[in-house]
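Protein chains get the first letters and strands the later ones, always in sequence-line order, with residue 1 at the start of each.
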Amino acid sequence: MSKAGQSTDDFMECQNEAINYYGNKPGDKVEDREKKQQPTQRAGKARDLYFSAKSSTSMEFPYWYTRCWDELDGEIPIIRRAESLKAGFEHLTPVIYPGELLAMGKASYLRSSYPMPWLSEAFFMASEDKLYKEALESGKLTADTFTTVGKGGGNVTKSVGKVISIAGKFGLRVEEMPVMLEVAKRWKNRSVDDVGHKYEQMVPGYKEKEAIMRSVICMFDSGYTLPQGREVVNYYYPLQYGIDGIIRMCEEGIAEVAGYPEMDRLYFYKGVVTMLQGVKSWILNYAEEARFLASLEKEEKQKAEYTEMAERLEHISANPPRDFHDALQMLWIFHVAVLNEDAISGLSPGRVGQVLYPFWKRDVDRGLIDRAKTIELLECMRIKFTEIDCFASMGVVGGVLSGNTFNNLCVGGLNKDGTSAANELEMLILETGISCETPQPTLSVLYDEKAPEEFLLKGIECTKAGAGYPAWVNNQVAMEFILNNYGHEGMMMEEARAWAIGGCLESSPGSWMPLNLDGMIHWIPGGSAPATSVGVHFISLPKILETVIFDGVDMRTGERIFPSHGYKLETYEEVWQGFRDYFSRAVHVLALTNNVQHDAWRKISPSLVNSMLKPDCLEKGRDLGQMGARYNTTFNIESCGNTTLVNSLASLKKNIYDEKNYSLEAYRKAILDNFGYHTAQETGSYSLVDQKPAEHFSEYRKIHRQSLDAPKFGNDDPYVDAIFKEWEDWFCEMAHNYRSLYDQPMYACQISVSTHGPMGAVTLATPDGRLSGTTFSDGSVSAYPGTDKHGPYALFSSATCWNHSQSQNSQLNMKIHPSVVRGREGSRKFLELIRAYMRKGGFHVQFNIVDSRMLKQAQADPDKFRSLLVRVAGFTQYWVELGKQIQDEVIARTEYEEL
Amino acid sequence: MSKAGQSTDDFMECQNEAINYYGNKPGDKVEDREKKQQPTQRAGKARDLYFSAKSSTSMEFPYWYTRCWDELDGEIPIIRRAESLKAGFEHLTPVIYPGELLAMGKASYLRSSYPMPWLSEAFFMASEDKLYKEALESGKLTADTFTTVGKGGGNVTKSVGKVISIAGKFGLRVEEMPVMLEVAKRWKNRSVDDVGHKYEQMVPGYKEKEAIMRSVICMFDSGYTLPQGREVVNYYYPLQYGIDGIIRMCEEGIAEVAGYPEMDRLYFYKGVVTMLQGVKSWILNYAEEARFLASLEKEEKQKAEYTEMAERLEHISANPPRDFHDALQMLWIFHVAVLNEDAISGLSPGRVGQVLYPFWKRDVDRGLIDRAKTIELLECMRIKFTEIDCFASMGVVGGVLSGNTFNNLCVGGLNKDGTSAANELEMLILETGISCETPQPTLSVLYDEKAPEEFLLKGIECTKAGAGYPAWVNNQVAMEFILNNYGHEGMMMEEARAWAIGGCLESSPGSWMPLNLDGMIHWIPGGSAPATSVGVHFISLPKILETVIFDGVDMRTGERIFPSHGYKLETYEEVWQGFRDYFSRAVHVLALTNNVQHDAWRKISPSLVNSMLKPDCLEKGRDLGQMGARYNTTFNIESCGNTTLVNSLASLKKNIYDEKNYSLEAYRKAILDNFGYHTAQETGSYSLVDQKPAEHFSEYRKIHRQSLDAPKFGNDDPYVDAIFKEWEDWFCEMAHNYRSLYDQPMYACQISVSTHGPMGAVTLATPDGRLSGTTFSDGSVSAYPGTDKHGPYALFSSATCWNHSQSQNSQLNMKIHPSVVRGREGSRKFLELIRAYMRKGGFHVQFNIVDSRMLKQAQADPDKFRSLLVRVAGFTQYWVELGKQIQDEVIARTEYEEL
Amino acid sequence: MNTCNDCKFYLPVDVFKGICKLSKNDILPEDNFCEKAERIAKCKFCSKYTAEKEFLGKCMSTTLAYPDMIAAKCADFEWISLN
Amino acid sequence: MNTCNDCKFYLPVDVFKGICKLSKNDILPEDNFCEKAERIAKCKFCSKYTAEKEFLGKCMSTTLAYPDMIAAKCADFEWISLN
């Protein structure tokens, strides 16, 4: 058992060390969350139906899109695109589910999605054989297994019966599999992916980019994966003008621009008209279905509901909404319409409570709606948003998004005139976030000192309910970022107030739109830029440091990634310089290649629905890919593993250069030998506490211990916090040196989403003592699990050692034991905690109010926890639909048992 | 015989009146031109072969272009275009004819051309049945008829044997007819014509445009007919860098721009590389054929010539030229390469004698070339340019161009430093214009006071030879126009000197390019803008006046063209205002619709060859459709029938408003009744002297007489000249109010080319006494035939009553009897005549030195006059290849028998 | 024999199961037609569809199509004659 | 029977006539092969060409082609076996 003189005791001690350092040790008693409310009967039934429904993908839309596309070779590209979208929309078979008050969805299942091979078809081509094989074999499995809700939740984790599993998530009827492959084939050499790939190869240094991607220094390409999203929708035009009103605007535009310079405006306007004709047909097909259901219905109340739905849809297929219910239905239709035009994550409805407030207040004043009805509608809205699925490229859906779609709804913030924007409807939105827990729309409080206490306490109540939302976001810090970033495009203070979170945590600019109701102007906020998080996606900072230490080589694979940096690394400054060199090299080539991809995207697959919605596309006659939006400084550079990087730098500085405890060579060896531990891959677990020493662990015991003992971020320790600040100041500044496709400076974005799992998986041990294959620190200013030993306020001090308004965001995830915030006093204490962080200039903090032991139970027995929600890194997701790496990491996070 | 009291005498008298007023009455003795020289034996044989060759069209290029295009749906458009061009070039079968010193041509016949259905396929689609029927019937005709040279010269006027006649001009082998139709079909809805047509319909007032075209107020659309041409080629880059050098420049460009904003530069560079690869293959295929011919050849000298040709082609397929012969071959290759990328007329080689001078002078200095060899090469060049055929849309080739291709070569003008640019090589160019008379390249002397007398007299000698060239063009007036027109784009005086004529008579801007030979810089001129004559083509001024008189209705067809102008026409000012209103309306809608068509052109069929050649496309990384050229103010508005308009206005003013001889109603009646004459259509002749009075002619005799007696332009009569000047000042100014696709102001262009024939054909009698269906006045400042009764100097005074530099051009055609300029004294007198006009500010004058009786003979007996050349309106053409309308008009022109 | 997913009263919940619009019962797409079932317009019921291989065919001889696509909104749909 | 325009020594002047590269005589495309004539690569002599109707066929089963196109520069040309 023991080898090379190691005793079992040593082994156990070492194991305990790991546990102590690596995250959370559960206490004794499993404690549930405090607040439990139930949704209305209608929403409850709908949610039950949702729980029973599997992610289902279908070919209707892509078939018609492709069929039309093929017929229109030679057409002006944006018109070809518009006609294809129209063909897709008008052929979608309508499906209306029992009890729905809000109709319509992406396609013809409850949790519907479909592939968009015009973005990328490579996956299907590569999987052709596999899919045929599975189609053959799936039928042999017993069909009854499909009803089992379990690991994977609504995901179709394997092929069974007449259903093929795609990427372990989406179910496709076997009848549609051959046509899916045929349609995919037609996009070969024509998809955004293929065309972009052809030309990105012309960027000097392209081979280095390939190596960067293979080594997972960068997680994924930007241009064809999720070209839209991470932005805030703007619902103003349909709410104000209705579809026919917008068509009229476009027809006037056509008459104004036809034959004049900047002729592309002509095609844009014509394209919008064409697309809207498709959307109209789609709505009217649903209206027809509602009338059909009414004709079948015996039960009077239900019959009336179907009839009312049909009338509503018929009305808003042409006209602006008449009331709150109309407005909510209209908002939902256009939200889905945007989602149907592209692979999108993070399409945020934004400050919906403020957008809809004028409609709602007027209904209240007219006695047309009461609190109960409002709650019911808002709960229905939650279900609808939760039904959204995103069929993006595979690695993206799993590895980055964890299946989440990030439809962030913000409450709070300020009005155009600088007064608090929090309103009664937003209180009800928070209320239904509690009564009807679902992942979507996730909620964010735009925290401003001007917000009423009552409103903030409602937010606390909701956070305490444990679904992971609302996140708390600093309104003033974000406004400062927005003003800085968009000032050169004309952003002023007043308009900065219209900002909101787009997607997970991306600060996105907004505009105030003059909603005219009965002659009275209400200034409503709405998104005013395209996707604010495209460009250079997720760069693994610890992996870059690894290549610095090994002079450009990925030691996991032995492949050279960068040319030798030429430093002997004899000083800490050389390490830091080497890091900056490699990081800059990576950003340089990734920025260029992603620009090429985005150019392919805007040419092949330009946005029509979202462009139509965003000011000032209709005014300018330009789509989002032609800078039609009011603000266009929207390309960012995303980091992953900030804290792991900084802790590693601190350890190197301390142990090698300051105290000279070890040589760099010793560290190289320790890293290659994983400090004498088995790798996470070997142990089969990514849990930080589950790592196992190998037999020769004692050889590295001291260096590992001293690495773990080196100063760690999150403890208000100036030694490491100074390193953190130096990194942030440099990163946020250097990002501006890179230019987007639209010739705008890029900016830093610091959220990990789920990438710290897979990126950690391919990264060797790090000098901070983290072991090979385990996840990185989450978020961007979260402490590494278990290393923040001085309580939340010390963590806050560390996290705010730099100015967060330099960056699009920062991300702090905290796990709090339910007992700590229990009761009214707990709530006040909780609010004070958040206030303290905000006042220090923290940008964002979010919480899991959960007992880690419950998560452990849920991991062991997923069937019983189908509805358990947790917060990951900017999003809430069903526990059972998370990958194991991320589950392990959430369990391991430091759990605060006092504040 | 007589009716309504008209006697036969009256009839005869009236007939004589018409003859007196309408043009030229031939004298007694047919007199030939003075100078007759013979070409070298080589060129003579080549010209004989040319005379025997019929216009032949083939499908090789369009087949491969289309095949490649179809394979590349989804590719970036300009790359798709480049690949298709490449496929076309590399599959052209090489044909080398006996005795050629300069190889290569458009396609695989001597007089080769091919359809470009990507521009417009509608003609083929519409003619499908007819073509099949002719294919069936052609075989029944005896095959020997095809050898008959006659009416039509090299035109294939009817289907015979295995040859189908297309549009009475082009012969196509029956074997290629089905594939021509199949290929054409594939362009339906994808051609520039179809796509442009789809979107031009969105211009408000489009229906008015349709009516304008149906009434032939405008002759033809701009965007898909001849999208390029009327411009000066720039041969600098291949001469300086060679093909491989340009490829290297593009590859450097790619590395510089890939991934950066303005990404379209990437595709442009890549497209140029691709296109050049096709051009290289095309050249090397010819080299291979030359080697093949050498291998077959027994005769040593000829064998050596083939081998030398092969070596030359192999060399310049990669490298810059080594000597004058190389340079001339290179120039020719790129000239043809441009012609092969688009439907083009008027692609002018420009100041070739100055471009090639450094190469030639170096060869002379090195003793590598002598006068005889130079003459031989320049004559070969003339044959090559004459072989060019243009397969454009049918109405264009016949009705506008008379089959001409307008490859204008300019001599004279100024150097970069303001000294005279006339050189010895240009003397030889003029010399070979005499010794080897061919329509192409037509010659223009850029007349400047600084030009040496010897040079000008060589020009006179050439003009006297009677081939109609050189035209005489005012260098200073043109420079003034160029400076005015391009000043806002940075044109300075020095660069204005680099201008030349593009096409028939279109002043086009140039640039000075630094040709480095053996370390010495020679500043050579070259074209520096895209097509300078696109936009609003040929507006029939007399037809517009007709609609003014009839309040918006085309009385020939009864169709309303414009809404009522609302004037009672009680004053002359109202007539003039009504004219300006309708003219402006027409220009407005035509400018817009043509802009739409050009947008389709630049999207579907962007220029690669010509773009590569034009500065600063390679520097900017943009093609001509993206304003890659240094100058882009190139859209014009073209008039037709200026003098007919002005004479008509003068007659109305005099007879109705000043002297009140007649009411407007009386004129309306006279016009509708054609002053009591049969129409030209009825008489079957468009000759002005052949019109026949109808039986009721006496009813209109007086009004017709007074119309004919009204003041006529060309006699230095202030009454009518003031009207002319008012029209010109207004037209040249109003043109600037319209904007091109590229957001640049438009300008006036005043050349009739051949449009005064067909436009006259659909215009009723005009108030000046011109009869229905007869041609208008030619050029723009020519007198109406027979009406200039006070000699050439009076004509010059009238013609220069306005400032010609306000307009891109003016055009004065004169016919001079050979006897008048005979001998050295005649030459001096002739030069003085031209000088007088230039000094008055006349922009252009050109001459037919011909006895009209010879033209009459030639009309009757075309076989004997296969080689007879005449000047029409800015171009020289074989008499036998002209349409009858134009032949009649040239015969009728006033023939000066003294100066 | 037609199955529930060929029926105009079939409301799909996901790829595995659906609801009968008439009975409101949970049903499977593979269940056989009941007596009230009516065919929904699908390519395989269209006279312009020709089958080529399993789950693939042509629409109007030229265009890719597949038998189980619902064609209720297809302008060219035409019921095959019953036989 | 092949005619002169199927010959590698045929130089077309126009659609009606040509010159023999060997004899330098004027010839007609319809003249029959002489004893020195050799076929030039044309689609109709290519194994990848299939005729469909008069003057039209397919290249490699899928692509429009026509029998009399000279294929000397076609990368895919392959002589039909003589028979």
- Going through the checks in order, is the side-chain contact (heavy atoms from CB on, under 4.5 Å) test met by A:L110 and C:D14? CA-CA 6 Å; A:L110 190 85; C:D14 61 24; over 6 Å; no
What do you reckon, is [atom1] of [X] surrounded by more than 12 foreign heavy atoms closer than 6.0 Å?
X	atom1	value
C:E52	CD	yes
C:N25	CG	yes
A:K45	NZ	no
A:K303	NZ	yes
A:Q41	CD	no

- Output yes when C:K42 and A:E60 qualify as a salt bridge under the 4.0 Å nitrogen-oxygen rule, no when they do not. no
What is the minimum heavy-atom distance between [X] and [Y], and which atoms define it?
X	Y	result
C:V15	A:T57	CG1-O, 4.2 Å
C:P29	A:R173	CG-NH1, 3.4 Å
A:A53	C:V13	CB-CG1, 3.9 Å
A:S108	C:P12	O-CG, 3.3 Å
C:L11	A:I96	CD2-O, 3.2 Å

Gap separating the [atom1] atom of [X] from the [atom2] atom of [Y], nearest 0.5 angstrom:
X	Y	atom1	atom2	answer
C:K17	A:S52	NZ	OG	4.5 Å
C:K8	A:F292	NZ	CZ	4.5 Å
A:E175	C:M69	CD	CE	13.5 Å

Between [X] and chain A, with a heavy-atom cut-off of 4.5 Å, which part of the residue counts as in contact: side chain, backbone, both or neither?
X	answer
C:A71	neither
C:E30	side chain
C:I40	neither
C:K24	side chain
C:L56	side chain

- Message: With a 3.5 Å distance limit and no angle check, can you tell me whether C:Y66 reaches the backbone of A:M177 through a side-chain donor-acceptor pair?
- Response: no
- Task: Give a yes or no answer on whether the side chain of C:K53 reaches the backbone of A:P178 with a donor-acceptor pair at less than 3.5 Å.
- Result: no
- Item | Greatest number of heavy atom pairs closer than 4.5 Å to chain C - which of A:R111, A:R186, A:E71 | A:R186
- Which one of A:L49, A:D70, A:N285, A:V95 has the most heavy-atom pairs closer than 4.5 Å to chain C? A:N285
Measure distances from [X] to the heavy atoms of chain C and classify the residue's part below 4.5 Å as side chain, backbone, both or neither.
X	answer
A:S112	neither
A:R67	side chain
A:T93	side chain
A:Y63	side chain

